[in-house]
Protein chains: 2
Amino acid sequence: MKKYFDVLRKCKLFDGIEDGDLNKMLTCLGAKVEHFDKKYTVFSEGSPAKHIGIVLSGSVQVIQIDYYGNRNILMEAEPSDMVAEAFACAETEALPVAVVANEPCEVMFINCGHILHTCSNNCGFHQQMIFNLMKNLAVKTIEFHKKLEITSKRSTREKLLAYLSMYAKKTGKKRFRIPFDRQELADYLEVDRSGLSAEISKMKKEEIIDCNKNLFVLM
Amino acid sequence: MKKYFDVLRKCKLFDGIEDGDLNKMLTCLGAKVEHFDKKYTVFSEGSPAKHIGIVLSGSVQVIQIDYYGNRNILMEAEPSDMVAEAFACAETEALPVAVVANEPCEVMFINCGHILHTCSNNCGFHQQMIFNLMKNLAVKTIEFHKKLEITSKRSTREKLLAYLSMYAKKTGKKRFRIPFDRQELADYLEVDRSGLSAEISKMKKEEIIDCNKNLFVLM
DNA sequence: CGCCTTTCGTTGAAAATTCAACATAATATT
DNA sequence: AATATTATGTTGAATTTTCAACGAAAGGCG
């Protein structure tokens, strides 16, 4: 597990945990690592929500698919990010979302019950980890607020601008690469792909934005 | 504070806390109660996010208002529900949402810092409350997933059906009263009010639903 | 290098949503 | 009880979005 330590140290779940204790904890928690190729399913919709996933390399997407196959991208998770932790923490029966590999990736699985309910060794990390989970869930709730703020806009243009502005604010730059291709961006914004492409073209002509593939510039 | 105990016992923040301890805790936490008339502001957007609100009576709405005055209703909170706790727990600087009284109501305010950081009396409730907050935030994250699932639908009809189905599932009934008037429902679903009214009429004619004011029947 | 697959931009037609305006019903106020 | 205010339903026009279809560009792979 040593080779994952650099990533794990950045994971909010392990805030305030000493390096020396990390290895012991991972054993205690029964952590397991799996590799997934692009497009493979990390968690499938409807499966039991017992495990937290921690992205170690690559990236994954949390998605919902409705009746008619419309995909809604809820979030993208990168190395050190957690996925499915809300469902595991709430001890939900079945996952209402799916998690898929966005590129080849490695994910660590931890049985959430082992965190929430004190283990037989009675090791003292549980309180710290519960605190960390609480903090993390608070931040995640706020991120959902932001997504709702973006998708509640009524037009494609407003949604795109809200998304790009948020991204610019987050990175502190006017020029940035977004983690989505066109179809994925459309699914995230909940609009039609071709309509989005058309709108981007218009906004380029109006010199509101510039864009080349997934590199965007706000002007 | 005694008169609020029935409500407070149902509040998830106090799960696992003995009745006898509750009063002592509220003092330790510096809890305060305020009354608000309908439409008055409980938390204003941009204000510091230090306090958790617990609805004691009546109801409040968590809303966002954009540039052009479009209101987005994020959630409705009823007695024993918490509001703004995600922002307080994340120790956000300023609230990105507003909370307004939906009807005359009473709200209890608790400084979240007093929960997260052990008090001078070093009383033992903090761990339990942090655990409770974590659980509550997990559930709230899931509720946002549900709202996203509803509003990500592309048409007014699909949004309405998704909302009503969810409500029917939650209450276990086909016949129920929703907590919104037409304009509020439109704002929650993120659609135009008149378009929503028209769609409801159509669906009545098609005998998919029946509806009288805010009483809906799924058929 | 050439083939195959996927992504992307464009277009026009069909469908849906928004918007403004108005009439009516319901509720609150004096 | 009369009046004012608010909520709701209806309509048609303007605007947008969606949908399907296509060609060009880009990227992956043998």
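Chain A is the first sequence line, chain B the second, and so forth, proteins listed ahead of strands; every chain is numbered from 1. What you see is a predicted model; the values in this text were computed from it and never measured.
- For B:Lys39 and D:dT5, the NZ to P distance is 13 Å, given to the nearest whole Å.
- With respect to B:Lys50 and B:Glu93, no salt bridge is recorded, no charged nitrogen being found less than 4.0 Å from a carboxylate O.
- Distance CG (A:Asp37) to P (D:dG28): 15 Å, rounded to an integer number of Å.
- Side-chain proximity of A:Ser194 to D:dT8, C:dT11, D:dT17: nearest is C:dT11.
- Close to D:dA7, at under 4.0 Å from its OP1 or OP2, lies no side-chain N or O of B:Arg193.
- To the nearest angstrom, P of D:dA25 lies 16 Å from CZ of A:Arg182.
- Between the side chains of B:Ser152 and A:Glu190, no donor-acceptor pair of N or O atoms lies under 3.5 Å.
- In this structure, B:Lys170 fails the cation-pi test against B:Phe176, since its NZ or CZ atom is not both closer than 6.0 Å to the six-membered ring centre and inside 45 degrees of the ring normal.
- For C:dT17, the OP1/OP2 oxygens have no side-chain nitrogen or oxygen of A:Arg154 closer than 4.0 Å.
- In this structure, B:Leu196 atom CG and C:dC19 atom C1' are separated by 15 Å, rounded to whole Å.
- Nucleic acid contact class of B:Ser197 (heavy atoms, under 4.0 Å, all strands): base.
- Figure legend: cation-pi geometry between B:Lys174 and B:Phe216 absent, as NZ or CZ is not positioned both under 6.0 Å from the six-membered ring centre and within 45° of its axis.
- A straight line from CD of B:Glu184 to P of D:dT6 spans 14 Å, rounded to a whole angstrom.
- Judged purely by distance below 3.5 Å, without hydrogens or angles, the side chains of A:Glu184 and A:Gln61 pair a donor atom with an acceptor atom.
- Protein atom CG of A:Asn70 is 13 Å distant from nucleotide atom C1' of D:dT17, rounded to whole Å.
- Checked against the 6.0 Å centroid threshold, A:Phe43 and A:His51 do not count as a close aromatic pair.
- To the nearest 0.5 Å, atoms CG (A:Leu189) and CG (A:Leu164) are separated by 8.0 Å.
- Summarising the geometry, atom SG belonging to A:Cys89 is positioned 5.0 Å from atom CD1 belonging to A:Ile52; distances are rounded to the nearest 0.5 Å.
- Rounded to whole Å, the distance from CZ on A:Arg157 to P on D:dT16 is 9 Å.
- A donor-acceptor distance shorter than 3.5 angstrom exists from the side chain of B:Ser57 to the backbone of B:Glu106, with no hydrogens or angles considered.
- We find that NZ of B:Lys159 is positioned 12 Å from C1' of D:dT17, with the value rounded to whole Å.
- For A:Thr156 and D:dT17, the shortest distance from a side-chain N or O to OP1 or OP2 is below 4.0 Å.
- Looking at heavy-atom distances under 4.0 Å, A:Asp181 makes contact with sugar-phosphate atoms alone, never a base.
- An angle of 50°, rounded to 10°, separates the two end axes of the helix from C:dC1-D:dG30 to C:dT30-D:dA1, each defined over five pairs.
- Both A:Glu190 and B:Gln183 lie near DNA chain D, and the one whose nearest nucleotide falls closer to the 5' end is B:Gln183.
- Less than 4.0 Å separates DNA chain D from at least one heavy atom of each of the following residues of residues 199-219 of chain B: B:Ser201.
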Check against salt bridge (charged side-chain N to carboxylate O under 4.0 Å, His left out), B:Lys140 and B:Glu85: CA-CA 10 Å; B:Lys140 198 152 272 193; B:Glu85 80 281 23; 2.9 Å; yes
